[in-house]
Amino acid sequence: MSRKDQITGKKPLSGNKRSHALNHVRRVWNVNLQTVRIKTGKNSSKKIRVAASTIKTLKKQNKIA
């Protein structure tokens with residue numbers, strides 16, 4: 001399974017880690033993925049992987065099961 005938010009499509013960002021001496025090494029900032037159940041219908045729900053920031057939005061909209 002890829003490191004991607006299944007609702008918003010957020011993916012990992014890449015860049016350089018810089019030291020005080022300005023040395024650089026490539027690194028990746030991963031998305032904070034969590035597994036949650038969302039409401040899909042009247043009595044059904046589905047398990048998906050979404051970012052923590054997306055969970056806050058889903059809670060606001062009352063879509064988390």
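Residue numbers count from 1 along this sequence.
- Note: Lys11 NZ to Asn30 CG = 13.0 Å, rounded to the nearest 0.5 Å.
- Every residue was checked against the side-chain hydrogen bond (donor to acceptor under 3.5 Å, both in side chains) condition with Thr35, not counting sequence neighbours, and none meets it.
- A donor atom on one side chain and an acceptor atom on the other are not found under 3.5 Å apart for Lys10 and Thr54.
- Partners of His20 by side chain to side chain contact (heavy atoms under 4.5 Å, CB included), not counting sequence neighbours: none found.
- With contacts defined as side-chain heavy-atom distances shorter than 4.5 Å, the pair Leu13/Val28 does not qualify.
- Looking at heavy atoms from C-beta onward, Leu58 lies in side-chain contact with Ile7 at the 4.5 angstrom threshold.
- Within the 4.5 Å cutoff, the side chain of Ile55 has heavy atoms near those of the Gln34 side chain.
- In the hydrophobic clustering, where aliphatic and aromatic side chains (Ile, Leu, Val, Met, Phe, Trp, Tyr) are joined below 4.5 Å either directly or transitively, Val31 groups with Leu33.
- Nearest heavy atoms, Arg49 versus Ser2: NH1-O, 3.8 Å.
- For the atom pair OG of Ser53 and CG of Asp5, the computed distance is 7.0 Å after rounding to the nearest 0.5 Å.
- Contact check for Ile48 versus Lys46: side-chain heavy atoms found under the 4.5 Å cut-off.
- With contacts defined as side-chain heavy-atom distances shorter than 4.5 Å, the pair Ile64/Asn62 does not qualify.
- Summarising the geometry, atom NZ belonging to Lys39 is positioned 10.0 Å from atom OG belonging to Ser45; distances are rounded to the nearest 0.5 Å.
- With rounding to the nearest 0.5 Å, the separation of CZ in Arg27 from OG in Ser14 is 10.5 Å.
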